[in-house]
Asker: 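Here it is: the structure, laid out below.
Each chain gets a letter, A, B and so on, in the order the sequences are listed, and its residues count up from 1.
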Amino acid sequence: MTELSTRYSPNENEDKWLKFWEEKNVFHAQANPDKKPYSIVIPPPNVTGILHMGHALNNTLQDILIRYKRMTGFETLWMPGIDHAGIATQNVVEKQIAKEGKTRQDLGREEFLKRLWEWKKQYGDTIIRQLEKLGASCDWQRTRFTMDEHYSEAVRHTFITLYEKGLIYRGQRIINWCPRCQTALSDEEAQHKEINGSLYYIRYSFKENPHDSVTVATTRPETMLGDTAVAVNPTDKRYKKFIGKTLILPLVNREIKIIADELVDPKFGTGAVKVTPAHDPNDFAMGKKHDLEFINIMHPDARLNEKAGHFSGMSRAEGRKAVLEALKQGNLLEKIEPHTHAVGHCYRCDTMVEPYLSRQWFVKMKPLAQPAIDVVKKGKIKFYPSRWTKVYLNWMENIQDWCISRQIWWGHRIPVWYCRDCHNDNAPIVSKITPQECPQCHSKNIYQDEDVLDTWFSSWLWPFATLHWPEKNKDLEYFYPTSALSTAPEIIFFWVARMIMAGLEFMGDIPFSDVYIHGTVRDAKGRKMSKSLGNAIDPLEIIKEYGADALRFSLIMNSGQDLFISKEKFEIGRNFANKIWNASRLILMNIPEGENNFDLANLNNQKTLDLPSRWILAQFYATLEKVDKALDKYRFSEAETLIYDFFWGNFCDWYLETIKDKFSDKNTRIVAAGILEQTLKMLHPFMPFITEEIWHKFNPHAGSLAVAAWPTINKQLIDKKAQGQMKAITELINVIRNIRMHWNIDQHASVECFVQAKTENESDLIKENSGIIKILAKISNLSVERNLPKPKDAATGIAGKLKFYIPLAGVIDIEKEKGRITAQVKNQAAAVKDLSKRLKNKDFLKKAPKEVVEKERARLETLQAKIKELKTALKELF
RNA sequence: GGGUGCAUAGCUCAGCUGGUUAGAGCGCUGCCCUCACAUGGCAGAGGUCGAAGGUUCGAGUCCUUCUGUACCCACCA
């Protein structure tokens, strides 16, 4: 007899098991030649991160995989770690020092970095602790940081290797510039958003003939201050005669030429385009081609600079207003049309990105992309769900060079030095260690590149740099390539694609074979959950209130696609945990102190077990088989639903209800406790805490359930006959209950039941299981006869092939009973009609598979028999 | 401008290779605080599976078109 409280309270248990797991070191992985490796690298959360629902979902998914594989005998490594998140983290600390009224420039680089490291030390492991609370079974001893010394070396090594291969170069190009963060961004970091803007039509007049003009259309009138040409399509008849003519740029009075370029679409706007080579990627290309002047009219913070004449000093928005006003004054603004277009925004601060001409470092991507395309096309790497394959390939096939330099301070400094004496801008010193002098002129007057590398330039090494690459070692050899990667769809380009390229380039092998892409967590209205919208549900709050198991279980329940979350959705997990708790409680209360070997293999002679036991064993193993299959295919919610339905719908609702008075039987105890134990194992990856808790109630001296062996399928115990027989019994009980409810029989009152069995088998089945029927349907006296006259004032029930009577003198109303049965006849009639029609169809008989025809025929017979019985019952009422 | 999802009960979603009278949770109705659990039990109501065509003996499931909706990508100013 074990005393447990009637409600499961997760908080008392969860911390206890966290400590237990840590003390027993159960999540630690070591290269072990006797086992197969299974490894996952965590998508490293930002060092600024706090746990949100997306993390909770993604890390639960990974934990399910890891715990499942650990229990099925793999040496499992789940590598945890944190990303330094360059821009994001720098922004946080900049805000912090802003409160002191200072900027990073005030502090200077060294002092600012000191503050960043202090910040990292203080807050850097917040999210790690939160992931632990979620139950994530990472090998925490290995926790990595993308700016660890080892890791930084890997980053430098990578840069140098690619540079030497000619895959990294420095170039003057138009890049995405965030005027607020004041750094370059990659194309992926500029996120396009639809803007309802305007298209402005501006007149540029000819130098020769100031009364005549060409009208250009632009969405960004302020950039006209940097125009150095107007372009038209060479085939455009309207403008052919003007090519080569000179225009006077309004407001600036610069002479600019009309050039011809097929980049110009004659159908857009007026067919004449103003060309601003320093502020637009297309114009930049034309500028190069036609040898135009590049006039940068902006400061790095997007204020107009001295090149903008008397507009200098204005912000881009003010500048636009002022330029438009000036144009209007000069009657140069022909018209304004509404126009929506997509504009890039900084993915960190949401500021509108400026296409900006500057000198940056780039990675040449095409050569890296090709092998990464091949491995996916060949199926060496598979995406789950598979539709993401196309998204990946499409991006890879159109890949652009990657801008990797950032004008911030927090990150991996670019390992490049320049010499002031020989001005080697074009032959920089690229070195893993800080050089002492210029190798050319031996000058000591050298300085390092001011910039740092894109955060993703370190993250793309994650699957192997966390294993101390480039150093050769056992772990790297054993755990690489990793097995699976789970992440959000928006990370495919940033990270997944780049890891595949890096893995192939540096390790010569894929970084993982399976990529699982999970859904987006949204609120009940379908909006993305975010702090700024104020619609976020804090997973920690759910853990506090309902427990980590409930959070995990509820999140996975509908994780097949995007999740629409509201607080009530977590009740399903809480309720299920409570159900598990109470079912365990029932069993524990009925097991003698000290009895603890419930190995199902110990059941002597399984054939002699009673029907419910044979049935529940069959149901369990059938479920296990399906759960295995679902997990192997990354069908998490399906696996979970299978266990839920089995445990609640079969084990609790039926099995436990049938054995409440049979706990004195040893076999019953073994089956009940044994199935529970096996279910706990099956459930452990989903709900690690409560399963561990109950496991130890049954096995007080056992080790962690996390390292217990996953149950193995015993196909012999999937007893089809028992499943069929139990179905007949439960159906009988259901129909009796229905009749009781229909006639408002007091729930505590017992009734009599007379069953008519047509065969010896049926009769035996009912007799053997009369105990269950009596308890579950509240029957006082159950008699089974081959031939049975209808008792007086009795209700008639048909359950499958069985007909039975329940005497209800004084309760039953003959007219109402007629109505009840007639409704049932009607209910079946439609199906009978449909079936017989199908069975008369010659094409169906000829073309459908035999089994299907047979099945339909059998169904029709059963239904017809049932209707016949119902009709007889109706007659008997007269 | 390309691409990808989704549309099934009042709500949120299952329904895998086409084959019983389409399922679950929540909500709703009725009855039960029965000694595992009211975070519970039992019974029940509720669906012409977005629309129109097509393939097939047979379509929620496959194909085409359409409508609505969500998201992703893209240097037409």
Side-chain angles (χ1 to χ4, degrees), chain A residues 4 6-8 174 187 192 199 216-220 223 231 263-265 267-269 272-276 280-285 339 341-342 344 355 385 387-388 390-391 394-395 398 400 489-490 492-493 520 522 524 526 528 546 550 557-558 560-566 568-569 571-572 574-590 629-630 633 635 637-638 641 644-645 649 652-653 656-657 660 734 737-738 740-742 744-748 776 778 827-828 830-832 834-835 838 841-849 851-853 855-856 858-859 863:
Chain A
L4 295 181
T6 165
R7 276 197 185 186
Y8 176 60
I174 297 260
D187 293 344
H192 290 266
L199 195 57
V216 298
T218 180
T219 54
R220 303 199 53 199
T223 61
L263 266 179
V264 180
D265 177 1
K267 289 192 285 286
F268 188 89
V273 190
K274 60 189 267 316
V275 182
T276 325
D280 181 276
N282 268 327
D283 296 6
F284 177 78
H339 180 70
H341 59 136
R387 65 191 148 88
W388 295 107
K390 224 173 147 181
V391 175
N394 184 50
W395 185 78
N398 295 294
Q400 303 292 317
E490 62 265 27
I492 294 176
F493 309 137
T520 306
R522 298 170 186 286
K528 242 184 191 177
Y546 293 164
M557 201 71 203
N558 278 314
Q561 49 171 62
D562 287 3
L563 291 92
F564 297 81
I565 292 290
S566 58
E568 302 82 65
K569 295 239 165 148
E571 286 173 5
I572 191 169
R574 178 198 61 176
N575 295 356
F576 188 46
N578 197 242
K579 191 73 182 177
I580 299 163
W581 181 254
N582 277 291
S584 309
R585 211 175 140 234
L586 170 70
I587 295 170
L588 280 165
M589 287 191 318
N590 287 286
K629 273 190 189 145
K633 284 188 286 186
R635 295 170 149 268
S637 81
E638 184 181 319
T641 309
Y644 180 88
D645 288 345
C652 293
D653 286 350
L656 290 183
E657 293 299 335
K660 284 186 173 171
N734 280 334
R737 281 169 169 176
N738 181 301
R740 291 180 57 110
M741 286 290 171
H742 192 263
N744 280 324
I745 307 300
D746 183 339
Q747 306 236 328
H748 306 285
L776 296 187
K778 209 69 172 116
N827 206 353
Q828 312 289 329
V832 170
D834 184 63
L835 266 176
R838 204 176 310 167
N841 184 336
K842 278 178 196 142
D843 281 330
F844 174 70
L845 296 172
K846 209 162 62 189
K847 291 179 183 168
E851 315 90 75
V852 174
V853 177
K855 224 168 138 187
E856 302 284 59
R859 255 183 64 217
L863 280 179

Asker: Please work out which of the three classes, parallel, tilted or perpendicular, describes the rings of A/Tyr644 and A/Phe576, given edges at 30° and 60°.
Answerer: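 Answer is tilted, since the angle falls between 30° and 60°.
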Asker: Please walk me through it: do A/Glu571 and A/Tyr546 pass side chain to side chain contact (heavy atoms under 4.5 Å, CB included)?
Answerer: CA-CA 8 Å; A/Glu571 286 173 5; A/Tyr546 293 164; 3.7 Å; yes
Asker: Considering only side-chain heavy atoms of A/Ala583, which listed nucleotide, B/A36, B/C37, B/C33, is closest?
Answerer: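 Nearest nucleotide to the side chain: B/A36.
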Asker: P atom, B/G15 versus B/A24: distance in rounded Å?
Answerer: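 Roughly 15 Å separates the two P atoms.
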Asker: Rounded to the nearest Å, what distance is computed from the CH2 atom of residue A/Trp395 to the C1' atom of nucleotide B/A74?
Answerer: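 Answer to the nearest Å: 14 Å.
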Asker: Given B/G40, is OP1 or OP2 found less than 4.0 Å from the side-chain N or O atoms of A/Asn582?
Answerer: no
Asker: Is a side-chain donor or acceptor of A/Arg585 paired with a backbone partner of A/Ile580 at a separation under 3.5 angstrom?
Answerer: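 It does not hold such a pair.
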Asker: Strictly below 4.0 Å: does A/Asn590 bring a side-chain N or O up to OP1 or OP2 of B/A36?
Answerer: no
Asker: Would you say A/Asn738 reaches B/G44's phosphate, i.e. side-chain N/O to OP1/OP2 under 4.0 Å?
Answerer: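 For A/Asn738, the contact criterion (side-chain N or O under 4.0 Å from OP1 or OP2 of B/G44) is met.
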Asker: With no angle test and no hydrogens, is the base of B/C75 tied to the side chain of A/Asn282 by a donor-acceptor pair under 3.5 Å?
Answerer: yes
Asker: Would you say A/Arg220 reaches B/A77's phosphate, i.e. side-chain N/O to OP1/OP2 under 4.0 Å?
Answerer: no
Asker: Round to the nearest Å and state the distance from A/Asp653 atom CG to B/A43 atom P.
Answerer: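 Checked: the CG to P distance equals 9 Å.
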Asker: Which nucleotide sits closest to the side chain of A/Arg859: B/G40, B/U21, B/G19?
Answerer: B/U21
Asker: Please determine, for the side chain of A/Arg635, which listed nucleotide (B/C16, B/C57, B/A77) has the closest atom?
Answerer: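 Looking only at side-chain atoms, A/Arg635 lies closest to B/C16.
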Asker: Roughly, in whole Å, what's the span from CZ in A/Arg387 to C1' in B/C72?
Answerer: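 Computing the A/Arg387:CZ to B/C72:C1' distance gives 11 Å.
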Asker: Of the nucleotides B/A43, B/C73, B/C57, which has the atom closest to the A/Phe493 side chain?
Answerer: B/C73
Asker: Can you tell me how far C1' of B/G19 sits from NZ of A/Lys855, to the nearest Å?
Answerer: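 The answer, rounded to whole Å, is 7 Å.
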Asker: Determine whether any donor atom in the side chain of A/Lys846 lies under 3.5 Å from an acceptor atom in the base of B/C57, or the reverse, and answer yes or no.
Answerer: no
Asker: In terms of side-chain heavy atoms of A/Val273, which of B/A77, B/A74, B/C72 is nearest?
Answerer: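 Ranking B/A77, B/A74, B/C72 by closest atom to the A/Val273 side chain puts B/A77 first.
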Asker: Rounded off to whole Å, could you give me the CD-to-P distance for the A/Glu638 and B/G25 pair?
Answerer: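 Computing the A/Glu638:CD to B/G25:P distance gives 17 Å.
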Asker: Between B/C13 atom P and A/Asp645 atom CG, what is the distance in whole Å?
Answerer: 19 Å
Asker: Between B/A77, B/C42, B/C16, which nucleotide has the shortest distance from any of its atoms to the side chain of A/Lys633?
Answerer: B/C16
Asker: For A/Asn841, report the nucleic acid contact type (base, sugar-phosphate, nothing); a contact means any heavy atom under 4.0 Å.
Answerer: sugar-phosphate
Asker: Taking all non-hydrogen atoms of both residues into account, name the closest pair between A/Asn578 and A/Thr6 and its distance.
Answerer: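 Distance-wise, the nearest heavy atoms are ND2-O, 4.1 Å.
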Asker: Start with the C-alpha distance between A/His192 and A/His341, add both sets of side-chain angles, then the distance that settles side chain to side chain contact (heavy atoms under 4.5 Å, CB included), and finish with yes or no.
Answerer: CA-CA 9 Å; A/His192 290 266; A/His341 59 136; over 6 Å; no
Asker: Got a donor-acceptor pair under 3.5 Å from the side chain of A/Gln747 to the base of B/A43?
Answerer: no
Asker: Base, sugar-phosphate, or nothing for A/Val216, non-hydrogen atoms under 4.0 angstrom?
Answerer: nothing
Asker: Closest heavy-atom contact between A/Lys267 and A/Asp265?
Answerer: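 A/Lys267 and A/Asp265 have their closest heavy atoms at N-OD1, 2.9 Å.
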Asker: May I ask you to verify if any side-chain N or O of A/Lys660 is less than 4.0 angstrom from the OP1 or OP2 atom of B/A36?
Answerer: yes
Asker: B/G23 P sits how many Å from A/Tyr644 OH, rounded?
Answerer: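 Going from OH in A/Tyr644 over to P in B/G23 covers 18 Å.
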Asker: Using the P atom on both, measure B/A7 against B/C16 and round to a whole Å.
Answerer: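 That atom pair is separated by 12 Å.
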Asker: Between B/C75, B/G19, B/C76, which nucleotide has the shortest distance from any of its atoms to the side chain of A/His192?
Answerer: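 It is B/C75.
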Asker: Pair A/Leu656, A/Ile587 - check side chain to side chain contact (heavy atoms under 4.5 Å, CB included), show working.
Answerer: CA-CA 9 Å; A/Leu656 290 183; A/Ile587 295 170; 4.0 Å; yes
Asker: For nucleotides B/A14 and B/G60, find the distance between their C1' atoms and express it as a whole number of Å.
Answerer: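 12 Å, rounded to whole Å.
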Asker: Would you say B/U39 has OP1 or OP2 under 4.0 Å from some side-chain N or O of A/Arg7?
Answerer: yes
Asker: Hey, which of these two, A/Tyr8 or A/Glu568, hits RNA chain B nearer its 5' end, going by closest nucleotide?
Answerer: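 Of the two residues, A/Glu568 wins.
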Asker: Ignoring backbone atoms, establish whether A/His742 has a side-chain N or O less than 4.0 Å from OP1 or OP2 of B/C31.
Answerer: no
Asker: Can you check whether A/Lys390 has a side-chain N or O nearer than 4.0 Å to OP1 or OP2 of B/C73?
Answerer: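 Indeed not, no polar side-chain atom of A/Lys390 lies that close.
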Asker: RNA chain B in dot-bracket, Watson-Crick or G-U pairs under 3.5 Å, [ ] crossing, | other strand?
Answerer: (((((((..((((.....[...)))).(((((.......))))).....(((((..]....))))))))))))....
Asker: If we take the C1' atom in both B/G44 and B/U55, what is their distance in whole Å?
Answerer: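 B/G44 and B/U55 have their C1' atoms separated by 40 Å.
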Asker: Over all heavy atoms of both residues, which pair between A/Gln828 and A/Leu863 is shortest? Give the atoms and the distance, please.
Answerer: OE1-CD2, 3.1 Å
Asker: With sugar-phosphate meaning primed atoms plus P, OP1 and OP2, does A/Glu657 contact a base, only sugar-phosphate, or nothing at under 4.0 Å between heavy atoms?
Answerer: base
Asker: Name the nucleic acid region contacted by A/Leu863, choosing base, sugar-phosphate or nothing; use a 4.0 angstrom heavy-atom cut-off, strictly under.
Answerer: base
Asker: Given B/U39, B/A43, B/G25, which nucleotide is nearest the side-chain atoms of A/Asn734?
Answerer: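 Nearest to the side-chain atoms of A/Asn734, counting from C-beta on, is B/A43.
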Asker: Identify the heavy atoms of A/Phe844 and A/Glu856 that sit nearest to each other, and give their distance.
Answerer: CZ-CG, 3.9 Å
Asker: Taking B/A59 as the reference, what is the distance to B/U21 when you measure between their P atoms (whole Å, please)?
Answerer: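 Going atom to atom, P in each nucleotide, I get 12 Å.
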Asker: If we take the P atom in both B/U39 and B/C33, what is their distance in whole Å?
Answerer: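 Pairwise P distance, B/U39 against B/C33, rounds to 16 Å.
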Asker: Determine the interatomic distance between C1' on B/C6 and the same-named atom on B/A43; round to the nearest Å.
Answerer: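 It works out to 35 Å between them.
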Asker: Any idea which of B/C31, B/A36, B/A77 is nearest the A/Met741 side chain?
Answerer: B/C31
Asker: For A/Pro849, which contact category applies under a 4.0 Å heavy-atom criterion: base, sugar-phosphate, or nothing?
Answerer: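 A/Pro849: base contact, heavy atoms under 4.0 Å.
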Asker: May I ask you to say what A/Ala630 touches in the nucleic acid, namely base, sugar-phosphate or nothing, with a heavy-atom cut-off under 4.0 Å?
Answerer: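 The residue A/Ala630 makes no contact with any strand.
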Asker: So, OP1 or OP2 of B/A77: does either fall under 4.0 Å of a side-chain N or O from A/His339?
Answerer: yes
Asker: Is a donor on one side and an acceptor on the other found under 3.5 Å between the side chain of A/Arg737 and the backbone of A/Leu776?
Answerer: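 Yes; at least one donor-acceptor contact below 3.5 Å.
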Asker: Can you tell me how far C1' in B/A22 sits from the matching atom in B/U61, rounded to whole Å?
Answerer: 11 Å
Asker: Identify the heavy atoms of A/Gln747 and A/Arg740 that sit nearest to each other, and give their distance.
Answerer: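 The pair with the smallest heavy-atom distance is O-NH2, 3.6 Å.
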Asker: Rounding to a whole Å, what distance do you find between A/Leu586:CG and B/G40:P?
Answerer: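 So the two atoms are 16 Å apart, to the nearest Å.
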Asker: Can a donor-acceptor pair be found between the side chains of A/Asn841 and A/Arg838 at a distance below 3.5 Å?
Answerer: no
Asker: Between B/U39 and A/Arg574, is there an OP1 or OP2 to side-chain N/O distance shorter than 4.0 Å?
Answerer: no
